[in-house]
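Throughout, residue positions are numbered sequentially from 1 according to the sequence presented.
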Amino acid sequence: MLGRGDRIEVLSFEGSFHGRTIATVGLTGQEKYRAGFGPLIEWGRFLPFPKAADFAVLDQITERTCAVILEPVQAEAGIR
């Protein structure tokens with residue numbers, strides 16, 4: 001981010017699937033897709049997928065966070 005070189009963290013959610021490129025595999029919250037790839041990105045962090053109307057997980061956003069990648073419906077994790 002322009003002027004904020006310390007904002008390097010991308011948050012993703014457990015159970016997610018974001019694709020098959022090296023960056024998106026690194027942000028996919030399923031070990032079965034990450035296994036065999038590496039080294040993966042160091043700036044990704046996984047959070048538990050929140051239950052309905054439970055926004056406490058958003059408290060994990062910090063000054064180091066530059067993005068949150070989210071699937072509104074997690075189909076790969078069993079429609080939630």
Side-chain angles (χ1 to χ4, degrees):
M1 295 200 35
L2 185 60
R4 292 294 309 266
D6 58 326
R7 294 187 84 166
I8 59 170
E9 179 179 75
V10 177
L11 303 179
S12 183
F13 292 89
E14 296 169 355
S16 63
F17 179 79
H18 296 297
R20 297 196 183 272
T21 66
I22 195 67
T24 58
V25 166
L27 291 171
T28 291
Q30 296 184 58
E31 182 58 35
K32 67 182 180 183
Y33 292 112
R34 292 193 312 265
F37 287 91
L40 294 174
I41 56 175
E42 298 175 4
W43 35 263
R45 187 162 60 100
F46 299 103
L47 303 175
F49 193 82
K51 305 226 184 294
D54 177 15
F55 299 106
V57 71
L58 299 179
D59 293 338
Q60 299 296 315
I61 297 173
T62 69
E63 288 294 316
R64 294 176 41 88
T65 305
C66 67
V68 178
I69 185 168
L70 170 71
E71 296 169 295
V73 176
Q74 282 193 335
E76 184 72 23
I79 309 294
R80 55 183 183 164

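- Other residues, nucleotides and ligands contribute over 12 non-hydrogen atoms within 6.0 Å of the CD atom of E31.
- Counting all heavy atoms, side chain and backbone alike, E9 lies closest to R45 at OE2-NE, 3.0 Å.
- Apart from I41 itself, the hydrophobic cluster it occupies contains V10, L27, W43, I69, where clustering links Ile, Leu, Val, Met, Phe, Trp and Tyr at side-chain heavy-atom distances under 4.5 Å.
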Q: Kindly indicate, with the supporting measurements, whether the criterion side chain to side chain contact (heavy atoms under 4.5 Å, CB included) is fulfilled by D6 and R4.
A: CA-CA 5 Å; D6 58 326; R4 292 294 309 266; 3.3 Å; yes

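- Grouping the Ile, Leu, Val, Met, Phe, Trp and Tyr side chains by contacts below 4.5 angstrom, directly or via other members, places L70 with V57.
- Among T65, L58, T62, the one residue that satisfies the side chain to side chain contact (heavy atoms under 4.5 Å, CB included) test with L11 is T65.
- Looking only at distances, a side-chain donor or acceptor of T28 sits under 3.5 Å from a matching main-chain atom of H18.
- The minimum heavy-atom distance between E71 and F17, with the atom names listed, is OE2-O, 2.9 Å.
- The hydrophobic clustering, which links ILVMFWY residues whose side-chain heavy atoms are closer than 4.5 Å, places F49 and I61 together.
- Residues S16 and G29 share a closest heavy-atom pair of OG-N, 2.9 Å.
- Under a 4.5 Å side-chain heavy-atom criterion applied to ILVMFWY residues, the cluster that includes I8 comprises that residue alone.
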Q: Report the C-alpha distance between V68 and F13 in whole Å, list the side-chain angles of each, state the deciding distance to 0.1 Å, and finish with yes or no for side chain to side chain contact (heavy atoms under 4.5 Å, CB included).
A: CA-CA 9 Å; V68 178; F13 292 89; 3.9 Å; yes

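- Formation of a donor-acceptor pair under 3.5 Å by the R34 side chain with backbone atoms of L40 is not found in this model.
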